[in-house]
A.B. asks: 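Structure provided below as structure tokens; questions to follow.
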Number of protein chains: 2
Amino acid sequence: MVGIMKLSDSEWIVMGALWAHAPATARELLERIEAETDWAYMTVKTLLTRLQDKGAVSSERRGKTDWFRPIVSRDKATRTAFRAFIDRAFDGAVGGLLHHLAREEKLTKRDRELLRRTLRELVEEESR
Amino acid sequence: MVGIMKLSDSEWIVMGALWAHAPATARELLERIEAETDWAYMTVKTLLTRLQDKGAVSSERRGKTDWFRPIVSRDKATRTAFRAFIDRAFDGAVGGLLHHLAREEKLTKRDRELLRRTLRELVEEESR
DNA sequence: GACCATCTACTACAGTTGTAGTAGATGGTG
DNA sequence: CACCATCTACTACAACTGTAGTAGATGGTC
């Protein structure tokens, strides 16, 4: 049931707020994302319904209010999004992404440092 | 006009074939992607029209046939997709992606090959 | 126990995406 | 120059996305 969990952009925003702290009510989630979205309350509700339909969140009634919690983990969603991105833009090859990162993207000094470390770790791990 | 060029999954497939070699006719593009998509000719045509509408490809009539060529470069499209992905999944921080890469993703042989090259380049660049 | 603030349920509606069909134009070939 | 294979132009249509409105249920408060 929780197979390939593809989230739309708006759904990512809601999930982001929900991953931050759960369970949460729709109103709470709206408050958390108010700074970035300026949505109506009903927009959050609709997205939560859709997320529930696709099995990404669950809800539990307390009083007259639904409390939501994520079913899909952030990591899981990230991995799915990562795969989709890599598949379309780099034909599935993570190496292509690394290449792109190394030569195309403007990285901060810290990113560059981290990338170098990452690459080295990966290569070392490999040769072990 | 060629600002933020967002491509859908299907559009990426067509662009992939077009980036491989241009100019090309719709029929040629269909043949190139036949292995992976099993689309009807008209599907390719429709996608090409949409891509033209959004300024991603241009076309030129020769005889009764349109010849298409990319306006948006693969690099440009990749950067846009990269940004979109990073923004939603890692809140815009490339570091988050690197982290993810280092601990979550398994690399194929091909990935590792590319990676070694990339690493060499990075190191050389650094020592220059 | 009535009322109000607030919640859920149902509905809406335009834009994008995936995936094509059909009809009418037309260039090359005999 | 007629015909056919093939092209383009126009149209289609359901699913998914972004973004909500409205009406009716309901739990807490006086």
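Here is how names work: the chains are called A, B, and so on, in the same order as the sequence lines, proteins then strands, and each is numbered from 1.
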A.B. asks: Quickly work out the B:W67 CH2 to D:dT8 P distance and round it to whole Å.
C.D. replies: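 Rounding to the nearest Å, CH2 of B:W67 and P of D:dT8 are 11 Å apart.
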A.B. asks: With sequence neighbours left out, what residues match B:W12 under ring pair (Phe, Tyr, Trp, His ring centres under 6.0 Å)?
C.D. replies: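 With sequence neighbours excluded, B:W12 shows a ring pair (Phe, Tyr, Trp, His ring centres under 6.0 Å) to B:W19, given in chain and number order.
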A.B. asks: Give me the atom names and distance for the closest heavy-atom approach of A:E28 to A:P23.
C.D. replies: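 Heavy atoms only, the tightest pair is OE1-O, 4.1 Å.
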A.B. asks: Within residues 27-48 of chain B, which residues have any heavy atom lying less than 4.0 Å from an atom of DNA chain D?
C.D. replies: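 Those residues whose heavy atoms fall under 4.0 Å from DNA chain D, taken from residues 27-48 of chain B in numerical order, are B:R27, B:Y41, B:M42, B:K45.
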A.B. asks: Bend angle of the helix from C:dG1-D:dC30 to C:dG30-D:dC1 from five-pair axes at both ends, rounded to 10°?
C.D. replies: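 The angle separating the two end axes equals 10°.
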A.B. asks: Could you check how far CD1 of B:I13 sits from C1' of C:dG18, rounded to whole Å?
C.D. replies: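 The answer, rounded to whole Å, is 10 Å.
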A.B. asks: Tell me the closest heavy-atom pair linking B:L29 and B:A24, and the distance in Å.
C.D. replies: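 Closest approach of B:L29 to B:A24: CD2-CB, 3.8 Å.
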A.B. asks: Can you check whether B:T25 has a side-chain N or O nearer than 4.0 Å to OP1 or OP2 of D:dC7?
C.D. replies: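 So the side-chain polar atoms of B:T25 never come under 4.0 Å of the phosphate oxygens OP1 or OP2 of D:dC7.
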A.B. asks: Nearest whole angstrom, please: distance from the C1' of D:dA15 to the NZ of A:K6.
C.D. replies: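 So the two atoms are 13 Å apart, to the nearest Å.
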A.B. asks: Residues in side chain to side chain donor-acceptor pair (under 3.5 Å) with B:R32, at least two apart?
C.D. replies: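 Testing B:R32 for side chain to side chain donor-acceptor pair (under 3.5 Å), a comparison that skips the adjacent residues, returns none.
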A.B. asks: A:K54 has an atom NZ; how far is it from atom C1' of D:dT17, in whole Å?
C.D. replies: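 Value for this atom pair: 9 Å.
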A.B. asks: Between D:dG18 atom C1' and B:R88 atom CZ, what is the distance in whole Å?
C.D. replies: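 From B:R88 CZ to D:dG18 C1': 13 Å.
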A.B. asks: Write down the distance between CG (A:D66) and P (C:dC7), rounded to a whole number of angstrom.
C.D. replies: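 Taking CG of A:D66 and P of C:dC7, I get 10 Å after rounding.
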A.B. asks: Name every donor-acceptor pair, under 3.5 Å, that has one atom in a side chain of residues 56-72 of chain B and the other anywhere in the protein, sequence neighbours excluded.
C.D. replies:
residue, atom, partner, partner atom, Å
B:S59, OG, B:Q52, NE2, 2.8

A.B. asks: If I take atom CZ in residue B:R62 and atom C1' in nucleotide D:dT8, what distance separates them, rounded to the nearest angstrom?
C.D. replies: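 Taking atom C1' of D:dT8 as the reference, CZ of B:R62 is at 17 Å.
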A.B. asks: For every nucleotide of nucleotides 24-30 of chain C, 5' to 3': is a protein heavy atom under 4.0 Å from its base (B), only from its sugar-phosphate (S), or from neither (-)?
C.D. replies: --BS---
A.B. asks: With a 4.5 Å cut-off on side-chain heavy atoms, are A:T37 and A:T43 touching?
C.D. replies: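 The answer is no, as the side chains (C-beta and beyond) never meet within the 4.5 Å cut-off.
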A.B. asks: I need the CG-P distance between B:D53 and C:dT17, as an integer number of Å.
C.D. replies: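 Going from CG in B:D53 over to P in C:dT17 covers 12 Å.
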A.B. asks: Does the side chain of A:F85 reach to within under 4.5 Å of the side chain of B:L97, using non-hydrogen atoms?
C.D. replies: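 No. Closest side-chain heavy atoms not under 4.5 Å.
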A.B. asks: Determine the minimum heavy-atom distance between B:R88 and A:D9, stating which atoms define it.
C.D. replies: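 Smallest interatomic distance, heavy atoms only, reads NH2-OD1, 2.6 Å.
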A.B. asks: Strictly distance-based, threshold 3.5 Å: is any side-chain N or O of A:K54 a donor or acceptor partner for the main-chain N or O of A:L7?
C.D. replies: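 No, the answer is negative, given that no donor and acceptor are paired below the 3.5 Å cut-off.
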A.B. asks: If every non-hydrogen atom of A:A26 is compared with every non-hydrogen atom of A:K45, which pair is closest and at what distance?
C.D. replies: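 Heavy atoms only, the tightest pair is CB-CD, 3.5 Å.
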A.B. asks: Any side-chain N or O of A:S10 below 4.0 angstrom from OP1/OP2 of D:dG18?
C.D. replies: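 Affirmative; the distance criterion is met.
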A.B. asks: For B:L30 and B:W39, work out which heavy atoms get closest and say how close.
C.D. replies: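 Heavy-atom minimum between the residues: CD1-O, 3.6 Å.
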A.B. asks: Map A:R50 and A:T65 onto DNA chain C by nearest heavy atom, then report which one ends up closer to the 5' terminus.
C.D. replies: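 Residue closer to the 5' terminus by nearest nucleotide: A:T65.
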